[in-house]
Structures are given as structure tokens and as C-alpha cells.
Amino acid sequence: MTREGHATVINRADYSAPAFWIDTVDLSFDLDPVKTRVLNRMTLRRNPDVAAQSLKLDGEELNLARVLVNGQGTSFKLEGNKLVLENLPEGTEPFQLEIFTTCAPVKNTSLSGLYVSQDSFFTQCEAEGFRRITYFLDRPDVMAMYTVTLRADKTKYPVLLSNGNLVDSGTLDDGRHFAKWVDPHKKPSYLFALVAGQLVAREQRITSRAGQDHLLQVFVRPGDLDKTEHAMNSLMASVAWDEARFGLPLDLERFMIVATSDFNMGAMENKGLNIFNTKYVLANQATATDVDYANIESVVGHEYFHNWTGNRITCRDWFQLSLKEGLTVFRDQEFSQDMCDGVSARAVKRIEDVRVLRTVQFPEDAGPMSHPVRPDSYIEINNFYTVTIYEKGAEVVRMMQTLVGRDGFAKGMKLYFERFDGQAVTCDDFAQSMADANPESSLSQLLPQFKLWYSQAGTPHLGASGYFDAAAQTYTLQFKQTCAPAAGLADKQPFVIPVLLGLVGSGSGAALPLTVQGSVDAAAANHLFVMTGDTAAITFTGVQEAPVPSILRGFSAPVVLDFDYSDAQLLTLLASDPDPFNRWEAGQRLALRNAITSIATYVDSTRASALNNAYVQAMRSVLRHPTLDAAFKELVLTLPSETYIAEQLDVVDPQRIHAVREAMRLQLAVELQADWQWAFETHQDNGAYRPDATSAGRRALVGMALANLCLAATQTGDAVWPGKALQRFKVATNMTDRISALQALVTSGHALAAPALAKFHALFKNEELVLDKWFALQAGAPDRNGLVLPAVRQLMAHPDFNIRNPNRARSLIFSYCSGNPGGFHRPDAAGYVYWSERVLELDSINPQVAARLARALDRWKRLVEPYRSAACEALKRVAAKTDLSNDVREVVDRALAD
Ligand code: TRP
Ligand code: ZN
């Protein structure tokens with residue numbers, strides 16, 4: 001699987017147990033940026049369940065110096081990226097294997113394996129990075145006990161960390177020192193980590209419910225200690241939550257988080273030594289927004305929760321990735337909700353999660369990279385750390401909780417750990433535990449069918465229609481499910497779809513009590529209808545008023561609901577649905593309907609018709625509502641994104657969508673001007689900064705109001721609000737207020753934006769994470785006269801730009817290519833040319849990051865001309881390169897396949 005060799009397809013069906021087990025690993029590192037020496041002493045034995053065969057160890061970019069078996073030299077072969085040993089002792093007795101290699105961390109720009117970032121050493125081993133450190137059976141079902149000795153220059157690398165407990169340390173000759181770490185838990189190689197460098201730690205001692213003492217540490221560069229309080233608080237809250245909700249305690253004396261600026265993803269759950277992107281650790285009120293604070297809490301939680309779901313029980317093979325990721329995302333979502341200060345804040349979190357699922361995962365599942373939650377094949381596993389594995393996987397776990405109840409789910413988790421602690425298992429093993437712990441549940445009765453969620457790709461559509469019989473006082477809902485072909489699967493079996501339902505009186509707006517025909521259960525406010533067939537129906541009795549059905553409350557299943565709501569019905573739900581998710585959803589449906597009509601009747605951008613009066617009035621009522629929370633209002637008043645609107649159309653004209661959505665924004669800004677002003681003035685928060693959900697919601701609404709007031713000013717020419725925005729930008733005491741004021745100037749295209757951006761750069765020139773925001777703001781700005789691309793190209797030459805740093809590359813390149821459809825999809829194809837140049841440039845530096853960027857053109861086939869042909873050409877330009885990485889090759893080949 002090198003660039004010279006050709007890509008191999010890995011199939012789930014080909015899984016076989018390893019021919020050898022590795023019981024212990026003793027690693028010694030002599031750390032040097034140019035040439036690091038790695039001595040690896042392992043104890044292996046043959047797997048008695050597998051017919052005798054040679055040992056094939058994985059290794060990449062290694063220089064092999066020595067191989068000893070039981071202390072003796074031995075014959076070996078190098079076959080591609082494998083070290084093959086054929087003359088090993090027979091029988092199942094353990095034997096020693098010693099391998100000595102060197103590698104060059106400073107040359108490692110892929111950030112996989114051992115690399116150098118700002119003069120410190122870090123590792124990233126998931127999924128297959130350990131093989132870039134030493135030869136190994138680099139697969140998650142090989143679990144071993146690790147002892148690690150690190151040696152390095154003491155002044156340059158005063159801190160030496162690895163997994164587990166520090167058992168020894170001291171000085172060596174020549175200004176060097178050493179540290180020896182022993183991990184008390186066996187683990188797969190992808191959870192190995194080491195860190196060495198000049199770091200300082202915030203420390204916290206805690207005592208668990210069970211009375212155990214633990215040391216928590218957050219390691220950062222010396223100047224960043226004042227930005228670690230929130231991460232530490234989040235970690236303490238995570239430890240307490242997992243113990244309280246699932247009875248899962250911290251199983252280590254010491255738990256460390258280390259932050260690095262150079263990181264491919266968000267963070268990594270290495271046992272006892274989590275390594276984080278600085279973006280998900282560092283925060284203070286001057287540099288981080290409310291969204292950053294919330295993300296830190298959820299990512300810290302996510303990695304911590306992996307300690308049980310992922311580390312104690314891991315994946316048998318990488319096809320089972322969602323076993324740990326879907327479950328752990330579900331857990332972090334639940335954690336964030338439980339950390340909220342009220343029902344409304346919980347609902348807001350749920351809406352945000354669903355918004356990600358629908359704007360990113362649904363398109364993925366309808367595009368060339370569509371794959372089941374448990375994929376059947378892959379070329380490059382790094383390409384399958386996707387929203388399908390993570391977010392849809394979490395929805396599958398959530399549906400299980402819906403079917404067995406919260407207590408039943410906790411029982412299922414308990415059984416899962418009783419059965420599989422310390423093992424590498426499959427998605428089936430998890431689902432079976434959930435079912436077996438809840439034998440009376442519908443999950444248990446429907447398990448084989450329920451598991452279709454793991455094997456069938458694509459987003460099901462749930463069609464529904466209702467019939468009210470006024471004389472009989474009955475209301476019948478009929479359902480029909482369909483699922484378009486996806487990932488090569490045309491004939492699909494029906495899914496198990498948990499549909500949480502309610503009825504709202506169309507005249508009264510009252511929540512109608514639900515009595516299911518033929519059921520003896522007391523009337524309830526909600527009903528959980530479990531759909532299993534292609535079609536189904538349910539009838540409610542005693543319905544005294546024509547109802548509006550509130551279907552799929554809380555988004556109880558990851559499906560598209562097709563119900564032919566009238567505008568009046570949606571307005572009723574928007575005004576009165578007691579389910580906050582569907583209340584928000586009604587507003588989104590109304591906005592979408594307006595958008596789709598405008599797109600269909602579009603003439604040109606200056607004459608784009610936009611929102612009907614009923615919608616504008618409804619938005620006014622929400623904005624002025626006496627009891628709704630600010631955060632919820634902000635979500636309702638946010639129009640569906642251009643990507644989400646595009647998802648509803650068969651043929652996509654990105655410029656039309658952009659123009660229509662801009663017209664809608666402008667109309668809301670102008671027609672609700674007085675209301676925005678009221679919202680701005682009444683939601684000010686003058687107290688000390690706190691990042692809690694309620695205060696954050698108020699700031700979000702104020703920011704939105706300011707943006708609208710500046711936008712309205714573009715029509716009136718009035719300078720008052722842009723002036724206020726500039727003033728607010730200057731005097732803001734937290735980053736949320738500061739950047740929302742700046743954003744208001746940038747998105748309204750006001751002349752004050754340029755000096756404000758310059759000032760922002762001057763203020764934060766030493767803050768990497770804030771500079772990322774500065775780049776992102778400009779690359780994501782609404783495109784007027786095609787000026788964003790030239791600005792992006794110019795920013796590539798800015799002294800602060802560095803394409804090798806993934807955060808910086810994302811902030812400029814991805815913000816433009818993936819986050820700015822109006823700027824990117826240019827009739828002259830220049831956006832696509834830029835994209836292809838950057839994919840190729842990044843591929844020679846960091847294939848994982850390049851492959852993510854490559855996905856920006858996933859949905860090219862639905863584009864209208866001239867975009868479609870131009871996008872195809874750009875894809876072909878990338879595909880024509882002969883020495884592409886497997887990562888990019890897989891993405892572009894799938895995009896171009898028919
Ligand atoms: N397991 C990590 C998580 O979900 C994801 C991750 C971090 C990762 N770094 C990676 C995956 C590098 C692939 C490659 O938290
Ligand atoms: Zn994860």
C-alpha cells in the first residue's frame with residue numbers, strides 16, 4: 001500500500017484471527033528529531049487456533065538495523081511494507097523477538113506515527129501509525145502489555161510521557177535523562193502514545209465515588225497554562241459523569257491530556273495519555289468563543305469516555321470502528337446534554353447535533369463515499385473516520401436507547417462490560433448485549449432487523465399521511481418507508497424506525513392526549529410507534545379536534561420525514577408544539593419551502609423573491625416570544641444552510657441557492673429591523689463572562705441581531721449600526737462578542753470590515769488559534785463580485801499562513817472550498833482549479849488532510865452546468881497524477897466512478 005504499489009481493497013468478510021499473539025512489548029526510545037532509535041523487545045506466541053504460518057509484521061518508513069529471535073540472529077525478508085519471519089520456533093511456547101529500527105520524526109509531515117511539532121515529540125497511532133514507529137502486528141485485536149523507556153536531551157525535552165504509570169526516571173550522561181512508564185492495562189497498538197518536550201501541566205487531584213485518588217494533568221506549552229482551566233473542569237466533569245451515569249470509574253492513577261498545534265483530527269484517546277489538538281484544549285475568554293468552550297467540553301468528554309468504550313473494550317477490526325466511535329459520540333452527546341442547565345438547553349444541543357447529521361452525514365450517505373455504519377470494504381481506513389461512522393453510528397445507539405429506555409440502556413452497557421471487558425469485539429457483540437439485557441424489549445424481538453442499520457447504507461425516507469375522521473373522532477397516520485440504492489445496494493429490507501409521535505390541536509394549539517386504538521394504555525402526551533414494515537398505520541381515538549401530527553419528535557430516527565404539511569399546519573407546530581425539536585423543525589420546513597419556491601422562480605440575483613409574509617410574521621413572534629430561550633430563538637431564526645437547501649434539490653445551482661438565501665437573509669434583516677434592535681438591547685449581558693448555555697445563548701442572539709442590523713444598514717445606507725459594531729468589536733471583553741461584531745461587518749460587506757480585520761490581526765498576532773479564526777473569517781465571507789478567491793490566494797502568501805499546519809490549512813483552504821459554496825462554485829471554474837492545486841499540494845505533505853479536502857467535490861454530479869463539467873475536469877486533473885496517496889486516490893476514484 002505504498003505510492004509505488006497499487007491500492008489493495010480490504011474486505012470485512014476476509015477477517016481472520018492473527019497467527020501470533022503479542023503478550024508484552026518493551027520499547028526503548030532514544031529520541032532525536034533527525035534519527036530516533038527504537039528498540040522493540042516483544043514476547044510472542046503462536047495463536048493455537050490458527051494453522052502455523054510465517055510472521056508478517058507491518059512497518060512503514062522504518063530503517064531496519066537488527067532482528068533477533070530469543071537473542072539470536074535470524075533470517076528475515078522484507079516484502080513491501082512487511083517484515084516476514086519464517087523460521088520461528090514451532091509450538092505455542094512464548095518466544096522473544098527483538099527489533100531495532102530508526103526513523104526520522106522531523107521529516108514526518110503526515111502527522112501519523114512519531115513526529116515533531118514545535119520542537120516537541122508526539123505520536124499519533126490510530127489507525128495504522130504504530131507501524132511507522134516499529135515493526136508490529138498493527139491491528140486492534142492484538143493486545144499487549146507495554147513498558148516504555150524514553151531517553152532524550154534533558155534541556156530540550158524535560159518532560160517525557162507515555163501511557164500508564166511512571167515507574168522510574170533519572171539522569172544519564174551527556175545531558176540526557178530517561179523516564180520509564182508501565183501501562184497496567186493491555187492495549188492495542190493504536191492506543192500507544194509518547195510525548196517529549198518543554199511542557200508544563202495544570203494538575204488536579206480528585207477522589208472518585210469509590211474513594212480512589214487520581215492525578216489529572218493537562219500539559220501545554222509554557223505560555224498556555226492560563227488557558228487550561230476549562231479543559232480541566234471538563235475533564236473532572238467527565239470523570240464524575242461516567243461514574244454517575246454508567247458506573248464506569250477512572251481505572252488509572254494518572255490521566256494526562258497533552259495539547260499540540262499540529263494534529264490531523266480533534267483529539268486521540270491513547271490510554272491514559274490523550275493527545276489533543278490545541279483547538280480542543282486551550283480557552284480563555286479573550287481568545288475562545290462560546291462555541292469553542294462547548295466543543296472543548298464535548299471533545300474532552302469524548303476522549304475520556306473512550307477509556308471504557310474503545311480502550312477497555314476495543315474493536316476487533318477497523319470495520320467495527322463505529323463500535324467505539326458511534327457509542328462514544330452518543331455518550332459525549334448525552335454528557336453535554338446532562339451538563340446543560342435546563343430542558344431548553346438540552347433541546348438546543350439535540351438540534352445542533354441533528355443539524356450536523358443532516359447537513360453533513362445525509363449528503364455523505366447520498367454521495368460517492370456512502371458506506372454503511374459498519375463498512376464492508378475500504379482501501380484506506382483513514383478515509384472512514386466519517387460522519388457516518390461517528391454521527392450516524394451515534395444515532396443507531398440512540399435508537400437502541402429509545403427502544404429499551406434509559407435504564408434498559410444502562411443495563412445493556414453493564415452486560416456489555418461483563419461479557420467483553422479486555423477484549424476486541426464487534427458491533428454485533430454490542431447490539432446483542434443491549435438486546436439480551438432487555439429481553440422484553442422491542443429491540444430484543446427485532447434485533448436481526450434492527451441491525452440493518454449497521455449493514456445498509458443510505459438515508460431512509462419515511463413518508464406519512466394523516467386522515468381525521470371528525471365524526472368518529474379518530475386520526476389515522478399511514479407510513480411508508482423507502483430507501484434509495486446506496487453503496488452498491490439496490491434492494492433494501494425495511495428498517496426498524498422508532499417514531500416518537502404527538503398530536504397538536506390545529507385550532508387550539510393544545511397538546512392532544514394520545515389513545516391508541518385497541519390499546520388499554522392510559523392516554524399519553526407522546527407515543528412511540530415502532531415501524532418495521534414497508535408500510536404501517538396507527539389510529540388514535542378520542543381525537544376531538546383536527547390534529548396536526550408532530551412526527552419524529554426529538555428526531556427519533558435518522559430518516560427524512562416526508563409529510564405534506566400545509567403552511568398553516570407548520571405555523572401551528574412552530575407556535576405550539578411542546579416538542580422543541582419539532583417546533584424548530586417546523587420553522588426550518590417553512591424556510592425551506594420559501595427557498596425552494598424562490599429557487600424555482602429565480603430570474604436574477606437582484607430580483608430574487610424570498611420569504612412570504614406569514615413566515616416573516618412567525619419569525620417575529622419567535623424573536624419576540626416572552627418565554628422561549630435566546631439560544632432556541634437563535635436556532636429558529638437561522639435559515640437552513642446552503643448545503644442543506646442543496647440537499648433537497650435534484651439539480652443544484654449553487655449560485656442560485658446562494659443568491660436566494662442571501663435575499664432571504666436580507667429580507668429578515670430589513671423587515672424585522674425593529675425587532676432585531678429590541679433583541680439586541682434586551683439581551684445584553686454585563687456580568688462576568690461565563691460560558692454556560694444560557695449566557696452563550698444570549699450572546700448568540702445579540703450577535704445575530706447585530707449582524708442583521710448591519711445587513712439592514714446596507715439598504716438604508718445608515719452608518720449607525722456598522723459604527724456600533726466597530727465600537728463593540730473594539731471594547732469587547734470576550735472573543736464571542738468581539739468576533740460576532742467583526743463578523744457583522746464582514747458579512748454585511750461594510751467598508752469598516754477591512755480596518756477591523758487589520759486591528760484583529762494586530763491584537764492577536766501571537767495567538768495561533770485566533771489567527772485561524774482570522775483566516776477562516778475571510779475565506780468564508782459572502783462573495784461579492786468574485787473577490788473571495790483572490791483574497792484567499794493572497795492570504796496563502798501571508799507570513800502567518802503555513803499549509804503544513806492542519807489547523808491553518810483548514811482555516812483558509814477548507815473554509816473556502818467546503819464552507820463557502822457561494823464563493824467556491826464559480827462560473828469560471830477558478831474555485832475548482834484552486835481546489836485541485838491544493839489537493840495535490842497537500843497530498844505530498846499530509847495525505848489524510850488532502851483526502852478530507854478532496855471530498856469537497858463529492859456531490860459534483862448534481863451540479864448544473866457549467867459547474868458539473870468543470871468539477872469533473874478538476875477531479876480528473878487530480879486523478880491523473882500517478883503517485884497519489886491511497887487516501888486521495890480512493891476519494892477521487894469513487895467520486896469519478898459511475
Ligand atoms: N479516535 C479519535 C477520536 O475519535 C480520532 C482520531 C484522532 C483519528 N486522530 C486520528 C483517526 C488520526 C484517524 C487518524 O477521538
Ligand atoms: Zn472517538
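Counting convention: from 1, in listed order, for ligands and their atoms alike.
Gln217 and Arg254 share a side-chain donor-acceptor pair at under 3.5 Å.
Salt bridge Lys881/Asp883: present, at least one basic N to carboxylate O contact under 4.0 Å.
Looking from atom 1 (N) of ligand 1 to the surrounding protein, the closest heavy atom is Glu126 OE1, 2.5 Å. For atom 15 (O) of ligand 1, the nearest protein heavy atom (residue, atom name, distance) is Glu303 OE2, 2.6 Å.
Near Lys324, meaning under 4.0 Å from any of its heavy atoms, are these atoms of ligand 1: 1 (N).
Glu325 has its closest N, O or S atom to the Zn ion (ligand 2) at the position named OE1.
Less than 6.0 angstrom separates the ring centroid of Phe384 from the ring centroid of His371.
Here Met265 has side-chain heavy atoms under 4.0 Å from ligand 1, and that is the only part of it that gets that close. Here Ala267 has backbone heavy atoms under 4.0 Å from ligand 1, and that is the only part of it that gets that close. With a heavy-atom cut-off of 4.0 Å, Glu128 does not touch ligand 1 at all.
Within the set Gln124, His306, Glu269, the minimum heavy-atom distance to atom 2 (C) of ligand 1 is found for Glu269. Of the listed options Tyr390, Phe305, Phe263, Trp318, Tyr390 places a heavy atom closest to atom 3 (C) of ligand 1.
Among residues two or more places apart in sequence or in another chain, the ring-ring contact (aromatic ring centres under 6.0 Å, His included) test is passed with Trp308 by Phe417.
The NE2 atom of His306 and the NE2 atom of His302 meet at the Zn ion (ligand 2) at an angle of about 100°, given to 10°.
Taking both residues in full, the closest heavy atoms of Val220 and Ala259 are given as CG1-CB, 4.1 Å, listed atom of the first, atom of the second, then distance.
Evaluation of the ring pair (Phe, Tyr, Trp, His ring centres under 6.0 Å) test over residues 311-337, restricted to residues two or more places apart or in two chains, returns Tyr190-Trp318, Trp241-Phe335, Phe305-Phe335, Phe319-Tyr378, Phe330-Phe409.
No donor-acceptor pair under 3.5 Å is formed between the side chain of Arg132 and the backbone N or O of Gly59.
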